[in-house]
Each structure stands twice: as structure tokens, then as C-alpha cells.
Colleague: 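Just passing along the structure, written as C-alpha cells.
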Amino acid sequence: MIISAAGSALIAAMVGGGVTAASASGGGDDNATPITGPALEQASAAALAYTGGGKVTETEVGDEDGYYQVEVTTPDKAVVDVALDRDFTVIGAVADTETGPDDPADSEGPEDPTDDVAG
């Protein structure tokens with residue numbers, strides 16, 4: 001197997017940087033096919049290198065935006081959908097703004113004490 005210098009750097013960044021990659025499924029779409037095997041490792045490495053780290057939380061083969069899609073939750077809790085071509089090259093990325101019932105963005109959180117609304 002031939003690994004390019006860029007591929008080696010991606011793998012080194014993933015392993016050496018303490019980045020977490022989960023065996024993620026296509027969870028969001030019932031018809032989605034998750035990425036598996038060596039392709040999961042390569043797609044995860046490329047997506048994590050692009051986002052600067054984080055955790056792979058969902059993957060999909062045959063996404064409408066690219067051959068592979070990898071959802072990454074970054075260390076600052078942002079969710080980014082990274083689209084890759086068949087060669088694991090990043091061809092686009094979009095901040096995932098979809099929220100669900102378990103999404104922390106759906107909760108109101110603590111009240112802002114500086115937000116004084118007179119009634």
C-alpha cells in the first residue's frame with residue numbers, strides 16, 4: 001500500500017494529537033450507509049485534520065455533498081459536516097445547525113444575569 005506524505009501527516013496528526021475517532025454510524029438518516037473499515041480510518045483522519053481535531057460522531061457513504069461525509073464535533077462543541085471525494089480529499093464543509101431533542105443548543109441554559117427585562 002502506498003501512503004502519500006499528506007496521508008502520513010494526517011495519520012500522524014490523528015494518532016499523535018490525541019484525537020478521538022469513534023466508529024460512527026450514519027445515525028441521522030435511516031437510509032444512510034456508514035463508512036467502515038480502512039475507509040473509515042482514512043475519512044476520519046482527513047476530516048479531523050481539516051477541523052483541527054475533535055471526535056467523529058457520524059459518517060455516511062454516498063452523501064449528496066460528496067462521496068463520503070464525516071460529522072465532527074470539535075473541541076469547542078461545534079458540529080461540522082465534512083464532505084470528501086473518493087480519494088479522501090476535503091471538497092467542502094458545513095457547520096451542522098440541525099438540532100435534535102438531545103442537542104444542548106435546544107436547552108435555554110442558565111439565565112443571563114445581565115439581561116434585565118423590566119415587566
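Below, each value reflects all heavy atoms present in this structure, side chains not excepted, and no hydrogens, waters or symmetry copies.
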Colleague: If you look at every heavy atom in D65 and A83, which pair is closest and at what distance?
Modeller: O-CB, 3.7 Å

Colleague: Is there a donor in the side chain of D87 and an acceptor in the side chain of T89, or the other way round, less than 3.5 Å apart?
Modeller: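 Absent: no donor and acceptor within the cut-off.
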
Colleague: Let me see the working for L40 and T59 under side chain to side chain contact (heavy atoms under 4.5 Å, CB included), right down to the final yes or no.
Modeller: CA-CA 8 Å; L40 174 61; T59 68; 3.6 Å; yes

Colleague: Shortest non-hydrogen contact from Q69 to I35?
Modeller: O-CD1, 3.9 Å

Colleague: Between L48 and K55, which heavy-atom pair has the shortest distance, and what is it?
Modeller: CD2-N, 4.0 Å

Colleague: Provide the closest heavy-atom pair for A46 versus V90 in the form atom of the first, atom of the second, distance.
Modeller: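 Looks like O-CG2, 4.1 Å.
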
Colleague: Search all heavy atoms of T51 against all heavy atoms of V72 and return the closest pair with its distance.
Modeller: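 Scanning both residues, the minimum pair turns out to be OG1-CG1, 3.5 Å.
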
Colleague: To the nearest 0.5 Å, what is the distance between OG1 (T57) and CG (D81)?
Modeller: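 Answer for the OG1-CG pair, T57 versus D81, is 8.0 Å.
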
Colleague: How close do Y50 and A93 get, heavy atom to heavy atom, and via which atoms?
Modeller: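 It is CE2-CB, 3.4 Å.
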
